[in-house]
**Q** 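One structure coming up, written as structure tokens, with questions to follow.
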Amino acid sequence: MNRSDFPILNEQVYGKPLIYLDNAATTQKPQLVIDALSDYYNRINSNIHRGVHCLSQIATNEFEMAREAVRQYINAPTTQEVVFTRGATESINLVASSFGRTYLRQGDEVIVSEMEHHSNIVPWQLVCEERNAKLKVLPFNDRGELIINDLETLITERTKIVAVAHVSNSLGTVNPIEEIIRIAHSHNVPVLVDGAQAVAHCPVDVQALNCDFYCFSGHKMYAPMGIGVMYGKAQWLNEMKPYQGGGEMIKDVTFEKTTYNDLPFKFEAGTPSVGDVIGLRKAIEYIQSVGLEKIANYEQELLSYTTEKLSQIEGMRFIGEAKQKTGVISFLVGNIHPYDMGVLLDHQGVAVRTGHHCTQPIMTHFAIPGTVRASFALYNTIEDADKLVEAVIKAQRMLS
Ligand code: PLP
């Protein structure tokens, strides 16, 4: 599907055609996103929102059109609730820091799940330490599915927020976030959803979900690196303290007192990455031109096919066997260390990820050092899957 739109897929590694299966780490970029970046720097580079001159106005217009494209993409009610950041990590840090400094008091509680990426654990740990609050953990079962029944008992009147991944980057599990949000809201507890592994793989509607915050990175959805989004309900964002101080986020500054800008600018201190924002819009348009439903179905086919083929390999052990998964396959083969497997796959041109994938608690749960992870994007093919399987078999032979 649309492979020719991605120039990097014609590259070779060690003289072999590149089989890129590390899409959960970052996706490759279609030509129109690459072109949008050079076009921005060739034609309209200038600082936004503050300039009266022509280029500044064009750049501002393009920047705000991108915000509107993001709003539509996730069906946010208004662009005031769409804040640009550097990525999912910064989005979550923003919420943890600002929400924490506004609402967390000594003895309060924050709930995260056992399958979170470190970027949805550590920011909460930091703010909990600062505010003398407690971090509680919603566990998952051995298939890699959250034990939702435990949520009711974990939530107390001290719980201030639940932060959970839409899709796990290590297990591929699609979490029942609608249910999590429903339970949390029934106790008046807001929910942050880490959508880093979801936005490029399934339709996301923040109004239908009714989540309070939704965070994601552009680079995992065919957009440039260094750009991300924090969607937050205005009811929270209006009350929350700013994350960073600086230009753009203020209305008036005196040495005695500063008043803050309206949303979303209150949370966008300093010069943003304008070219990358424009690239993000192009990536969204690209995804929409293919169709998210189509992408989701196609990646499900790749997932089933590859899982079935890999399962025939002797000693194959899957880490993450949830009923609802995206195109992420984490596995181990016999006693082979994931790093050794990764290196041998690489030498055959197959790029996968090995290690703990920034989810050490998941590795602790399964008492393993890490996994080999293959993850799909819309440009992967059945041939890529066959190459992976072939390469794993070859590596296994070489190592035993
Ligand atoms: N959350 C999840 C589930 C992820 O997979 C990742 C990255 O792998 C992140 C957050 C952090 O994203 P970034 O490094 O783009 O900020």
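Every number for a ligand or one of its atoms is a count from 1 in the order of the listing. As a basis for the values below, the full set of heavy atoms in this structure was taken, side chains included, without hydrogen atoms, waters or symmetry mates.
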**Q** Using a 3.5 Å cut-off and no angle test, enumerate the donor-acceptor pairs between side-chain atoms of residues 195-207 and protein atoms at least two apart in sequence or in another chain.
**A**
{"residue": "Gln197", "atom": "NE2", "partner": "Ala24", "partner atom": "O", "Å": "2.9"}
{"residue": "His201", "atom": "ND1", "partner": "Glu299", "partner atom": "OE1", "Å": "2.6"}
{"residue": "His201", "atom": "ND1", "partner": "Glu299", "partner atom": "OE2", "Å": "3.4"}
{"residue": "Asp205", "atom": "OD1", "partner": "Asn75", "partner atom": "ND2", "Å": "3.1"}
{"residue": "Asp205", "atom": "OD1", "partner": "Gln207", "partner atom": "N", "Å": "3.0"}
{"residue": "Asp205", "atom": "OD1", "partner": "Ala208", "partner atom": "N", "Å": "2.9"}
{"residue": "Asp205", "atom": "OD2", "partner": "Asn75", "partner atom": "ND2", "Å": "3.1"}
{"residue": "Gln207", "atom": "NE2", "partner": "Asn75", "partner atom": "O", "Å": "2.9"}

**Q** Indicate the atoms forming the closest heavy-atom contact of Leu378 with Tyr222, along with that distance.
**A** N-OH, 3.0 Å
**Q** Please enumerate all residues that pass ring-ring contact (aromatic ring centres under 6.0 Å, His included) together with Phe99, with sequence neighbours excluded.
**A** Tyr103, Trp236
**Q** Give every donor-acceptor pair under 3.5 Å between a side-chain atom in residues 314-322 and any protein atom, sequence neighbours left out.
**A**
none

**Q** Return yes if a side-chain donor-acceptor contact under 3.5 Å exists between Ser113 and Glu116, otherwise no.
**A** yes
**Q** Are the charged groups of Asp384 and Arg3 less than 4.0 angstrom apart, N to O?
**A** yes
**Q** Tabulation required: pairs of a nitrogen or oxygen in ligand 1 and a protein nitrogen or oxygen under 3.5 Å; columns are atom names and distance to 0.1 Å; otherwise 'none'.
**A**
{"residue": "ligand 1", "atom": "1 (N)", "partner": "Asp194", "partner atom": "OD1", "Å": "3.2"}
{"residue": "ligand 1", "atom": "1 (N)", "partner": "Asp194", "partner atom": "OD2", "Å": "2.5"}
{"residue": "ligand 1", "atom": "5 (O)", "partner": "Gln197", "partner atom": "NE2", "Å": "2.7"}
{"residue": "ligand 1", "atom": "8 (O)", "partner": "His117", "partner atom": "NE2", "Å": "3.4"}
{"residue": "ligand 1", "atom": "8 (O)", "partner": "Lys220", "partner atom": "NZ", "Å": "2.6"}
{"residue": "ligand 1", "atom": "15 (O)", "partner": "Ser217", "partner atom": "OG", "Å": "2.6"}
{"residue": "ligand 1", "atom": "15 (O)", "partner": "His219", "partner atom": "NE2", "Å": "2.6"}
{"residue": "ligand 1", "atom": "16 (O)", "partner": "Ala88", "partner atom": "N", "Å": "3.4"}
{"residue": "ligand 1", "atom": "16 (O)", "partner": "Thr89", "partner atom": "N", "Å": "2.9"}
{"residue": "ligand 1", "atom": "16 (O)", "partner": "Thr89", "partner atom": "OG1", "Å": "2.6"}

